[in-house]
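Just so it is clear, the structure is predicted and the values come from calculations on it, not from any experiment. Whatever order the structure lists ligands and atoms in, that order sets their numbers, starting from 1.
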Amino acid sequence: MDKRGRVFSGARPTGRQHLGNYLGAIRNYVGFQDEYDCVYCVVDLHALTTLEDTGKLKEWTREMTLDWLAAGIRADETILFVQSHVPQVTELHTILSMVTPLGWLTRLPTFKEKVRQQPDNVNYGLVGYPVLMASDIALYKADIVPVGVDQAPHLEFTREIVRRFNHTFGEVLVEPQARHTEFTKVLGIDGEAKMSKSLNNHIEIASTPEEIWERVRVMVTDPARQYRRDPGHPEVCNVFSLHRFFSAGEVAQIEADCRSAAIGCVECKKRFAANLAGHFAPFRERRARFAADPDYVWDVLADGARRARAIADEVMGQVKAAVGLP
Ligand code: ATP
Ligand code: MG
């Protein structure tokens, strides 16, 4: 089938994926495969800019890849690989850094935030983070990059760097388009902050039904509902907002029963936990099968790297020729 272009996206290996990662990113990754050639990258080099402990990188790469594969990333079509396995990206990073004004980098809101977050570790790699991201995207001549609101400035930056390179050296690189994904901001079990691994308010999609219930049981619901007999307000309840995704058939009933106090929060959570466990049952089964073979993930990633390298070699040949490297 003819695809409409190439999608590139990368994610830092941060371990097992949670509902926020699933609804905000993985689901889109899976969907893009029907229309586009997809290149999905575990950006381990990017992870180095903030990691204090790199000892987990390998394990987290494996866990994240297992989640992606089990969720429906088709590694025979899609190129799924690890950033550092295709070192050409660091070469392009060096070349693109020569057409990047330093002021552009230090003015980016994401950089300023990192400086606030880790004032004692404002390393050179952190400043260059967006140049490395631009290199990932440009190296694979991606047409489309799915971005959430937080990453939008980085993609705009990538487009400017590509334009600058092409203007200086000739039309070699492709200016990517942002695809603003329907952003579903999933809140954590605290019902307040964005679900995130680092806040430990997350529910891992690979959880067993028992583990799901442990997390769902303590989820914060409608704060105004104190007693079982009080009518609930589904519109302000985080559990209800997630029912919308995982309880398709009974959302209307749950909403009505909550408002009329026919069910309490415990019952509502029990149904949510059961539906969540049911939704991810085939996922868990596939994941267990993939995980049983210790080589499977690494074989997939090695094959992905081989295919990625073929593209990278060709593009770097064009880039070096355009720049005039001997
Ligand atoms: P960390 O706590 O280390 O930042 P994280 O759990 O926030 O990790 P990221 O690696 O930052 O996860 O995010 C990976 C992808 O998942 C990104 O595309 C991000 O936009 C998406 N994502 C992460 N958390 C959420 C969330 N709560 N709701 C929606 N999307 C999310
Ligand atoms: Mg995050």
Completion exercise
Within the 4.0 Å heavy-atom cut-off, what A11 brings close to ligand 1 is neither

Practice task
Could you tell me whether the side chain of N166 and the main chain of R163 form a donor-acceptor pair under 3.5 Å?
Solution key: no

Practice task
Under 4.0 Å from a heavy atom of S198: give me the atoms of ligand 1 that qualify, with their elements.
Solution key: 1 (P), 2 (O)

Completion exercise
For S196, the atoms of ligand 1 under 4.0 Å from one of its heavy atoms are 2 (O), 6 (O), 7 (O)

Handout entry: Parallel, tilted or perpendicular: ring planes of Y29 versus Y40, cut at 30 and 60 degrees
Key = parallel

Practice task
Check ligand 1 against H18 and write out every atom of the ligand that is under 4.0 Å from a heavy-atom position of the residue.
Solution key: 5 (P), 6 (O), 24 (N)

Problem - Nitrogen or oxygen atoms of M195 and ligand 1 under 3.5 Å apart - result: yes

Handout entry: L23 touching ligand 1 at heavy-atom level, < 4.0 angstrom
Key = no

Handout entry: Aromatic ring pairing F280/Y22, orientation class (parallel under 30°, perpendicular over 60°, tilted between)
Key = perpendicular

Exercise for the section: Please check if any side-chain donor atom of N238 sits under 3.5 Å from a side-chain acceptor atom of E192, or the reverse. Expected result: no

Problem - K197 N/O to ligand 1 N/O under 3.5 Å - result: yes

Problem - Proximity of V186 to ligand 1 by residue part, where a heavy atom lies under 4.0 Å - result: both

Practice task
Check each of V42, V89, T61, T90 against Q83 using the side chain to side chain contact (heavy atoms under 4.5 Å, CB included) test, and report the only one that passes.
Solution key: V89

Practice task
Verify the distance criterion only: is there a donor paired with an acceptor across the side chains of R179 and Y36 at less than 3.5 Å?
Solution key: yes

Exercise for the section: Give the contacting part of H202 toward ligand 1: side chain, backbone, both or neither, where contact means a heavy-atom distance below 4.0 Å. Expected result: neither

